Amino acid sequence: MLEASLGTNFSHSTFVFRGFPALQKHRRLLALPFSASYLTVLLGNSLLVYVIRSVESLHSPMYLLICTLCVVDVLVVTAIIPNMLLSFLFDWDEISLAGCLTQMFFTHFLSSLESTLLLAMALDRYVAICQPMRYAKIIDSSMFVKLLLFTLVRSGSIMATLVGLAGSLRFCGSNAIRHCYCDHMALVSLACDGTEKNSAGGLAVIVCFVGVDIPLIFFSYMKILSVVLRTAAAGENRWKAFHTCGTHLIVMMCFYLVGSVTFLSHNLNDPIPTDVNTLMGLLYILFPATVNPVIYGVRTKEIRNGFFRIFKVQVKNMMTVKVSPAGTGQT
């Protein structure tokens, strides 16, 4: 009643998550698949980072980019899943406006970092395969410093502006966020102010990342594929090249497609059911983080060999430790 009397002078300082409203009676069961997904992401990406760091032959630009991608995947999932699980298990649904804006920034910032890393990996492979003689000259430490600065400036400035616009709004109506985490437009849709600038900011994100990164990634892989198919003599090698490039493109397109739909659904007032929109928003975060260790780890021969090398060394050391006491006792 107090909110109604204060009208537009009132603004909520806390919000409540209302993701999956049709499944409210089964909230605790929802924790099971998302807990399993979170553990899979942690184990898969951490193992890949460990292998790349431990094997010196993998300390090349491409594998360092994969290692960075794994770290980003773990961070972006950690930004939303633990809090979401607490909500499912213990009904801890509330979040402050400051906490919501902080989560929003890191979620979108890290997702945009992933987009830039995918672009950098595609360009790295393009130079390595299409311009092999110039690879060492183009892909060097200075190039990585420039890429890092470009990534931080582009992602940081755009996402800080997006969050700043959302933080300047007044929320005098409902404080129920129809999502499981602080998605930008899910929060903005609750504002009682005009949200034209926020909608424009959401579209700017689509243009800056999807509109720029996707064409460059697609062009890079098409050039890679054309070069490999021209030089591959055997049909099996051609199929392997096509399968590898195709798999990478499918994973990337799913990442960008789902992310674009979740952004645009609010901007275009598309009546997507809340449960579906929430699931898509979570898949946008979870799907790449889950499959990237498989795509870039299990299916990469050098990383796979590095893992088996480490595994053999560990087994050998364990066997040595177990045998040593017995041998000592006999002397």
Side-chain angles (χ1 to χ4, degrees), residues 15-24 26-27 30-38 40-41 72-88 92-95 99-115 118 155 158-159 162-163 165-166 174-191 195 198-199 201-206 209-210 251-292:
F15 295 86
V16 180
F17 293 117
R18 287 292 181 262
F20 300 111
L23 301 174
Q24 284 297 309
H26 309 286
R27 285 165 57 86
L30 288 174
L32 293 176
F34 288 112
S35 296
S37 298
Y38 185 48
T40 302
V41 169
V72 170
D73 281 336
V74 170
L75 291 177
V76 69
V77 172
T78 301
I80 63 171
I81 297 298
N83 189 62
M84 190 179 77
L85 293 177
L86 291 174
S87 173
F88 288 156
W92 293 355
D93 296 323
E94 288 194 1
I95 189 170
C100 184
L101 295 173
T102 302
Q103 186 187 56
M104 181 193 302
F105 174 79
F106 281 107
T107 302
H108 295 315
F109 174 72
L110 291 168
S111 295
S112 65
L113 286 186
E114 180 158 356
S115 177
L118 292 174
S155 299
I158 292 175
M159 297 309 166
L162 205 66
V163 172
L165 288 172
S174 172
N175 70 333
I177 299 176
R178 295 187 300 169
H179 217 303
C180 289
Y181 63 92
C182 278
D183 176 71
H184 172 250
M185 290 308 298
L187 176 66
V188 168
S189 64
L190 303 177
T195 60
N198 304 86
S199 298
L203 290 175
V205 170
I206 299 294
F209 293 97
V210 178
V251 172
M252 291 179 188
M253 291 307 107
C254 288
F255 169 73
Y256 286 111
L257 178 63
V258 175
S260 299
V261 171
T262 56
F263 263 92
L264 290 173
S265 61
H266 289 286
N267 291 68
L268 302 179
N269 294 320
D270 194 7
I272 297 178
T274 301
D275 287 355
V276 175
N277 192 55
T278 302
L279 181 61
M280 292 180 67
L282 291 171
L283 286 178
Y284 163 65
I285 301 294
L286 280 171
F287 179 70
T290 304
V291 301
N292 281 340

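Predicted model, so just to flag it, every value in this text is computed and none were measured.
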What's the spacing between [X] [atom1] and [Y] [atom2] if we round to 0.5 Å?
{"X": "Ile285", "Y": "Ser37", "atom1": "CD1", "atom2": "OG", "result": "13.0 Å"}
{"X": "Ser199", "Y": "Leu165", "atom1": "OG", "atom2": "CG", "result": "10.5 Å"}
{"X": "Phe106", "Y": "Leu101", "atom1": "CZ", "atom2": "CG", "result": "12.0 Å"}
{"X": "Phe20", "Y": "Met84", "atom1": "CZ", "atom2": "CE", "result": "6.5 Å"}
{"X": "Leu23", "Y": "Leu30", "atom1": "CG", "atom2": "CG", "result": "5.5 Å"}
{"X": "Glu114", "Y": "Leu75", "atom1": "CD", "atom2": "CG", "result": "11.0 Å"}

Any side-chain to backbone donor/acceptor pair from [X] onto [Y]? Under 3.5 Å, distance only.
{"X": "Arg178", "Y": "Thr278", "answer": "no"}
{"X": "His108", "Y": "His184", "answer": "yes"}
{"X": "Tyr181", "Y": "Ala79", "answer": "no"}

Candidate pair Leu113 and Val76, rule side-chain contact (heavy atoms from CB on, under 4.5 Å), full reasoning: CA-CA 10 Å; Leu113 286 186; Val76 69; over 6 Å; no
- request: Applying side-chain contact (heavy atoms from CB on, under 4.5 Å), run through Ile80 and Cys180 and close with a yes or a no.
  value: CA-CA 8 Å; Ile80 63 171; Cys180 289; over 6 Å; no
message: For Ser155, run the side-chain hydrogen bond (donor to acceptor under 3.5 Å, both in side chains) check against Ser111, Ser112, Ser115 and tell me which one passes.
response: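 That would be Ser112; it is the only one of Ser111, Ser112, Ser115 passing the side-chain hydrogen bond (donor to acceptor under 3.5 Å, both in side chains) with Ser155.
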query: Does the side-chain contact (heavy atoms from CB on, under 4.5 Å) test come out yes or no for Cys182 and Thr107, once each step is laid out?
result: CA-CA 8 Å; Cys182 278; Thr107 302; over 6 Å; no
Of Leu162, Val163, Leu110, the residue whose pairing with Phe105 passes side-chain contact (heavy atoms from CB on, under 4.5 Å):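 In the set Leu162, Val163, Leu110, the residue that makes a side-chain contact (heavy atoms from CB on, under 4.5 Å) with Phe105 is Val163.
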- request: Apply the test side-chain contact (heavy atoms from CB on, under 4.5 Å) to residues Arg18 and Asp93: give CA-CA distance (whole Å), side-chain angles for both, the deciding distance (0.1 Å), then the verdict.
  value: CA-CA 8 Å; Arg18 287 292 181 262; Asp93 296 323; 3.5 Å; yes
